[in-house]
Every structure is written in structure tokens, then in C-alpha cells.
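What you see below is based on every heavy atom in this structure, not just the backbone, and it leaves out hydrogens, waters and symmetry mates. Every number for a ligand or one of its atoms is a count from 1 in the order of the listing.
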Amino acid sequence: MSHPKHAQTDNPVHPLITQRWSPYAYSDKPVAKPDLLALFEAARWAASSYNEQPWVFLVATKDEPEDFKRLLSCLVPPNQIWASRAPVLVLACIRQTFSRNGHPNQVASHDLGLACGNICLEATARGLHVHMMAGIVPDKARVLFRIPEGVQPYTVMSIGYAADPATLPEDLRVQETTARTRKSLGEIVHTGEFGKSWV
Ligand SMILES: Cc1cc2nc3c(=O)[nH]c(=O)nc-3n(C[C@H](O)[C@H](O)[C@H](O)COP(=O)(O)O)c2cc1C
């Protein structure tokens with residue numbers, strides 16, 4: 001039987017897509033370094049505008065509890081509640097200008113998204129789960145991790161192995177056990193003019 005969080009798709013897609021989901025409950029099992037390295041290797045090979053590779057990842061694992069606590073403190077409190085259980089947090093940053101000419105890189109966040117997408121899929125292939133967070137305090141991260149001007153702290157990912165939802169507080173447990181939903185293809189794929197479904 002398929003997992004309740006796996007996507008029920010209208011069209012067949014690769015299992016790495018259907019099996020990726022963002023958990024709140026994490027087991028305390030650590031992530032082996034070769035697995036973490038593979039996730040960043042996957043990010044490294046993402047496409048980017050002018051091959052700028054504007055992403056920089058700052059890792060904090062529970063092997064270094066002070067680092068972990070520091071990065072955890074950069075999350076908004078509701079995210080801290082559940083992300084504190086994950087064994088790994090990663091701050092994802094973007095360089096805001098092109099190294100080739102110093103011009104602003106308007107698609108840096110787009111390219112970070114591609115790199116993070118690669119991380120999610122490589123994680124899924126390894127039985128790991130990633131939960132991305134925009135709910136962070138970037139200015140705090142900048143100070144605590146000495147992030148220079150021109151580099152923007154953008155998101156944080158928690159990475160680890162999903163655990164039994166019973167370990168969660170009530171509100172999160174409900175979310176964790178609710179099936180994932182999506183807009184229909186007709187709503188997001190248009191043709192001819194905006195709003196006219198292609199499907
Ligand atoms: C860029 C980004 C920021 C997100 N920020 C948060 C966040 O701050 N807190 C949170 O609980 N979930 C956050 N999420 C997770 C989304 O809520 C989640 O991906 C969405 O509900 C779809 O669920 P799924 O990933 O399980 O398919 C974020 C996801 C993305 C991609």
C-alpha cells in the first residue's frame with residue numbers, strides 16, 4: 001500500500017516525484033556524511049543562468065550542537081518547534097550579482113530553487129526527507145554566520161529521516177497525516193491566452 005503522503009497523480013510520473021514530501025516529524029537517526037555529500041553534489045549540477053551557480057549552502061549537523069543551535073535560532077519560532085528534531089539544518093544563500101560582470105542576478109532565487117529541487121530528489125532516492133523553510137530571520141543568520149554583503153540568506157532546509165507522526169504536537173500531527181493536494185493541471189497549464197486551459 002502506498003504511503004499516505006505520496007502523491008496521487010493524474011498522470012504517471014517518476015516515483016522520486018511522487019514519494020517526495022515535506023515532513024514535520026523527524027527521527028533522531030543521523031544522516032551519514034556520504035549521503036549529505038551526495039545531496040550537495042546533486043545541487044552542484046543544477047542548471048543556472050550563465051552557469052553562475054549563485055547558491056551557497058551552510059550546513060549545521062547535530063554533531064556540532066552549538067552550530068546547530070545557532071542555525072535553529074535563525075528560524076521563526078513555529079518552525080523551530082519541529083525543525084529542532086531534524087539531525088541536519090542547511091541555510092541556503094544566494095549571491096546576488098553575476099561574477100562575470102557584477103550585474104544583479106534577477107534569477108538567483110530561481111536557480112537556488114532548482115538546486116534545492118535536486119537536493120530533494122537525491123534525498124528521496126536515499127530514503128531521506130527535506131523540508132524547506134522561508135520562515136527564517138535572514139538578518140540574524142547574516143550576523144551569526146558572518147554572511148557578507150551581496151550574499152542573501154534565503155531559506156533553510158531540514159534534512160533527515162521521517163518519523164512516526166505520533167511524536168508530534170496535535171496541530172502538526174493533523175497536517176502530517178493529511179493527504180497532499182495540488183491545483184489541477186488545467187489551472188496551471190494554459191494555452192492561447194492566460195487562463196485558457198491547455199489540458
Ligand atoms: C521555498 C519554500 C518555503 C517554505 N517555507 C516553509 C516554512 O517556513 N514552514 C513550513 O512549515 N513549511 C514551509 N514550506 C513547506 C511547504 O509548506 C510545503 O512544501 C507545501 O505545503 C507542499 O507540501 P509537500 O512539500 O509535502 O509537497 C516551504 C516550502 C518551500 C518550497
Nearest non-hydrogen protein atom, atom 11 (O) of ligand 1: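 Minimum-distance protein heavy atom for atom 11 (O) of ligand 1 reads Y24 OH, 3.0 Å.
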Identity and distance of the protein heavy atom lying nearest atom 19 (O) of ligand 1: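 The closest heavy atom on the protein side is S22 OG, 3.5 Å.
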S184/E187 under side-chain hydrogen bond (donor to acceptor under 3.5 Å, both in side chains): CA gap, chis, key distance, verdict: CA-CA 5 Å; S184 68; E187 284 175 272; 3.3 Å; yes
Take atom [atom1] in [X]; do more than 12 heavy atoms of anything else shown fall under 6.0 Å from it?
X    : atom1 : answer
D10  : CG    : no
H110 : NE2   : no
R70  : CZ    : yes

May I ask you to decide if the ring planes of [X] and [Y] are parallel, tilted or perpendicular, using 30° and 60° as cut-offs?
X   : Y   : answer
Y24 : W82 : perpendicular
H3  : H6  : parallel
F98 : Y50 : perpendicular

Nearest protein heavy atom under 4.0 Å from atom 27 (O) of ligand 1, yes or no: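 Yes.
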Atom 17 (O) of ligand 1 touched by protein heavy atom at under 4.0 Å: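 Under 4.0 Å from atom 17 (O) of ligand 1, zero protein heavy atoms found.
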Side chains of E149 and R142 in contact at under 4.5 Å (non-hydrogen atoms):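 Counting from C-beta outward, E149 and R142 do come under 4.5 Å.
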Check: H131 N/O within less than 3.5 Å of ligand 1 N/O: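 Yes; the residue has a nitrogen or oxygen that sits under 3.5 Å from a nitrogen or oxygen of the ligand.
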Check: T155 N/O within less than 3.5 Å of ligand 1 N/O: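 Not met; the criterion fails.
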Among A134, G117, S158, A83, closest by any non-hydrogen atom to atom 3 (C) of ligand 1: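 That would be A134.
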Among H129, M132, M157, Q175, closest by any non-hydrogen atom to atom 6 (C) of ligand 1: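 Among H129, M132, M157, Q175, the closest heavy atom to atom 6 (C) of ligand 1 belongs to M132.
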Per-atom contacts of ligand 1 with [X], taking only distances under 4.0 Å to non-hydrogen atoms:
X    : result
G135 : 8 (O)
W21  : 26 (O)
W82  : 11 (O)

So which bit of [X] gets within less than 4.0 Å of ligand 1, heavy atoms only: side chain, backbone, both or neither?
X    : answer
R180 : side chain
N79  : side chain
K5   : neither

Presence of salt bridge, R44 and E41, under 4.0 angstrom: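 Salt bridge between E41 and R44, a charged N being under 4.0 Å from a carboxylate O: yes.
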